[in-house]
Amino acid sequence: MEGIFVALAIPFKNGKLDEESLAKHVDSLTKAGVDGFYTFGTTSQGPYLTLEERRAALEVISRNTNRQLVVHVFSFDWQGIVETVRLAEKHGTIAISSIPPIYYGPDYEVLKRYYEKLTQLTKLPVFIYNIPRNTGFNVTPPDLMAKLLSDGVKIAGVKDSTGDVAQIMGHVRLGITVLNGSDSTILPALMVGAKGCISAMSNVLPDVIRSMFDEFKAGRLQSAMEKQDLIARVRELIRDYPGVDGYYKLIHLLRYDFGTVKEPYLRPLSEAEVQKLRDGLIRLGLKPRV
């Protein structure tokens, strides 16, 4: 696995999956040159999607792209994980990933048993998704990952959303595939050996991120750094907003009409917050839609 994977925004409208917006979005991102899609993680509102919503979303995605697909499979119900894995296999997914069991704060033995059981479900490569700000703990410091591997757990890689470049370097040394999950550190992660990124901002600025990745591969680091700086500045505009609707509103402002989040688990931004976001984009020299 290598390249730019979009941490796909999955929109809702009037409380239902907005299949029309999702189809348009996936088609547009494919044409922008992304390498693949990562579904049902944080930006997709994955923990709040029902199995039927996951099934419908995968059908829309598969109809509108020929790019690689990675599916996040976590559910609070083990049978939901099993069914999501089966859906992933049906749709030609190249890998699956999962956050660890959350809420109770698992110890090492829980982590080991959970990921062992997950790898036994499928022949697909299994990635650990590490996002401490949401799960409450750092599941993949390199020493813990090394212990899982030495204990025979068949982990193929990690999506690391800590923004900790030193930790990413540690994973790279273990010989596993590392995909960066923090938009503000895509380029630094690539420079220390990450194979690519799973990026929420790729929903918003796919051309910029595609260009940054290509500039890096070509050795044009100054140009790549300028693009990374823009990505980080746009990300900063939504830092203090709850949930993921900031990304959804950025799509609406910079690209096309787009749905919103699934209520009441998450909330859409207010008109005043959207206006503040619009003003911030203008200050950065971007041209939001009226």
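- Between Glu2 and Lys195 there is no salt bridge, since no side-chain N of the basic residue sits under 4.0 Å from a carboxylate O of the acidic one.
- For Thr122, the side-chain hydrogen bond (donor to acceptor under 3.5 Å, both in side chains) partners are Glu89, not counting sequence neighbours.
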- Query: Step by step, would you call Ile99 with Asn134 a side-chain contact (heavy atoms from CB on, under 4.5 Å)?
  - Reply: CA-CA 10 Å; Ile99 57 172; Asn134 287 34; over 6 Å; no
- Query: Hey, mind stepping through Ile81 and Thr84 against side-chain contact (heavy atoms from CB on, under 4.5 Å) and telling me if it holds?
  - Reply: CA-CA 5 Å; Ile81 291 176; Thr84 304; 5.8 Å; no
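- Considering NZ of Lys154 and NZ of Lys123, their distance stands at 11.0 Å, rounded to 0.5 Å.
- Under the 4.5 Å side-chain criterion, counting only non-hydrogen atoms from C-beta, Leu187 is not in contact with Ile231.
- The closest donor-acceptor contact from the side chain of Lys159 to the backbone of Ile198 lies at 3.5 Å or more, if one exists at all.
- Among residues two or more places apart in sequence or in another chain, the side-chain hydrogen bond (donor to acceptor under 3.5 Å, both in side chains) test is passed with Ser98 by Tyr114.
- Listed by chain and number, the residues in a salt bridge (charged side-chain N to carboxylate O under 4.0 Å, His left out) with Glu116 are Lys112 (sequence neighbours excluded).
- Ser161 contributes no side-chain N or O that, together with a main-chain N or O of Ile131, makes up a donor-acceptor pair within less than 3.5 Å.
- A single hydrophobic cluster is seen to contain both Leu149 and Ile128, as judged by linkage of ILVMFWY side chains at heavy-atom distances under 4.5 Å, directly or through other members.
- Between the side chain of Asp183 and the backbone N or O of Ser199 there is no donor-acceptor pair closer than 3.5 Å.
- Here the side chains of Val70 and Leu179 are not in contact, with every heavy-atom distance at 4.5 Å or above.
- Within the 4.5 Å cutoff, the side chain of Thr260 has heavy atoms near those of the Asp245 side chain.
- Atom CD of Glu20 and atom NZ of Lys13 lie 7.0 Å apart (nearest 0.5 Å).
- Using a 4.5 Å cut-off on side-chain heavy atoms (C-beta onward), Leu51 and Leu87 make contact.
- Checking side-chain atoms of Gln45 against main-chain N and O of Lys262 turns up a donor-acceptor pair under 3.5 Å.
- Other residues, nucleotides and ligands contribute at most 12 non-hydrogen atoms within 6.0 Å of the CZ atom of Arg233.
- Within a 6.0 Å radius of CZ in Arg113, other residues, nucleotides and ligands contribute 12 heavy atoms or fewer.
- Residue Leu269 holds its CG atom at 8.5 Å from CD1 of Ile238, rounded to the nearest 0.5 Å.
- With sequence neighbours excluded, the residues forming a salt bridge (charged side-chain N to carboxylate O under 4.0 Å, His left out) with Lys147 are Asp151, listed by chain and number.
- Closest approach of Pro141 and Gln167 over heavy atoms only: CA-OE1, 3.6 Å.
- Residues Ser44 and Leu49 approach most closely at O-CD1, 3.7 Å, considering heavy atoms.
- Between the CD atom in Gln222 and the CD atom in Glu215 there is a gap of 10.5 Å [rounded to 0.5 Å].
- Rounded to the nearest 0.5 angstrom, Lys227 NZ and Asp207 CG are separated by 11.0 Å.
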Side-chain donor-acceptor pairs under 3.5 Å in residues 274-283, sequence neighbours left out?
residue: Gln275; atom: OE1; partner: Arg278; partner atom: NH1; Å: 3.0
residue: Gln275; atom: NE2; partner: Asp279; partner atom: OD1; Å: 2.9

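- To the nearest 0.5 Å, atom OG1 of residue Thr185 and atom CD1 of residue Ile168 are 5.5 Å apart.
- Here the closest non-hydrogen pair linking Gly170 and Pro142 is CA-CG, 3.7 Å.
- Within the 4.5 Å cutoff, side-chain heavy atoms of Val71 are placed close to those of Phe40.
- Nearest approach of Gly41 to Pro47, heavy atoms of both residues: O-CD, 4.2 Å.
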- Item | Test side-chain contact (heavy atoms from CB on, under 4.5 Å) applied to Asn138 and Asp164, step by step | CA-CA 11 Å; Asn138 185 10; Asp164 185 338; 5.9 Å; no
- Derivation and outcome, side-chain contact (heavy atoms from CB on, under 4.5 Å), residues Cys197 and Ile4: CA-CA 5 Å; Cys197 61; Ile4 301 164; 4.2 Å; yes
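- Among residue pairs with one or both ends in residues 11-30, those qualifying as ring pair (Phe, Tyr, Trp, His ring centres under 6.0 Å) are His25-Tyr256, His25-Phe258; sequence neighbours excluded.
- Considering only heavy atoms from C-beta on, Gln68 stays 4.5 Å or farther from Tyr38 through its side chain.
- Looking at residues two or more places apart in sequence or on another chain, you find a side-chain hydrogen bond (donor to acceptor under 3.5 Å, both in side chains) between Arg210 and Asp35, Asp214.
- Judged purely by atom type and a 3.5 angstrom limit, Asn180 has no side-chain atom pairing as donor or acceptor with the backbone of Ala189.
- For residues 264-274, every residue pair satisfying the side chain to side chain donor-acceptor pair (under 3.5 Å) rule, not counting sequence neighbours, is listed here: Arg267-Glu273, Ser270-Glu273.
- With sequence neighbours left out, the side-chain hydrogen bond (donor to acceptor under 3.5 Å, both in side chains) criterion links Glu52 to Arg55.
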- Message: For a salt bridge (charged side-chain N to carboxylate O under 4.0 Å, His left out) check, start with the C-alpha distance between Glu236 and Arg239, then their side-chain angles and the critical distance, and finish with the verdict.
- Response: CA-CA 5 Å; Glu236 186 71 12; Arg239 182 190 62 182; 2.8 Å; yes
- Message: Go through it in stages, so that I can follow the logic: the residues are Asp77 and Ser75, the test is side chain to side chain donor-acceptor pair (under 3.5 Å), and I'd like the CA-CA distance, side-chain angles, deciding distance and then a yes or no.
- Response: CA-CA 5 Å; Asp77 168 41; Ser75 171; 5.1 Å; no
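- Sorted by first and then second residue, the ring pair (Phe, Tyr, Trp, His ring centres under 6.0 Å) pairs with a member in residues 137-167 form an empty list; sequence neighbours excluded.
- The hydrophobic cluster containing Ile94 also contains Val34, counting ILVMFWY residues as joined when their side-chain heavy atoms lie under 4.5 angstrom apart, directly or transitively.
- For the residue pair Val26 and Phe37, the shortest heavy atom distance occurs at O-CZ, 3.7 Å.
- A donor-acceptor pair is defined here as one N or O able to donate and one able to accept, closer than 3.5 Å; no such pair exists between the side chain of Asp27 and the backbone of Lys24.
- Grouping Ile, Leu, Val, Met, Phe, Trp and Tyr residues whose side-chain heavy atoms lie under 4.5 Å apart, directly or via other members, places Tyr104 in a hydrophobic cluster with Tyr103.
- Applying the ring pair (Phe, Tyr, Trp, His ring centres under 6.0 Å) test to pairs two or more places apart or on separate chains, those with a residue in residues 69-97 are His72-Tyr129, Phe74-Phe76.
- Judged purely by atom type and a 3.5 angstrom limit, Tyr248 uses its side chain to pair as donor or acceptor with the backbone of Ile10.
- You'll find the side chain of Phe216 stays beyond 4.5 Å of the side chain of Gln228, heavy atoms only.
- In this structure, the side chains of Leu58 and Leu69 come closer than 4.5 Å at one or more pairs of heavy atoms.
- Nearest heavy-atom pair, Leu22 versus Ala9, reported as atom, atom and distance to 0.1 Å: CD1-O, 3.9 Å.
- Both Ile186 and Leu221 belong to a common hydrophobic cluster when Ile, Leu, Val, Met, Phe, Trp and Tyr are linked at side-chain heavy-atom distances under 4.5 angstrom.
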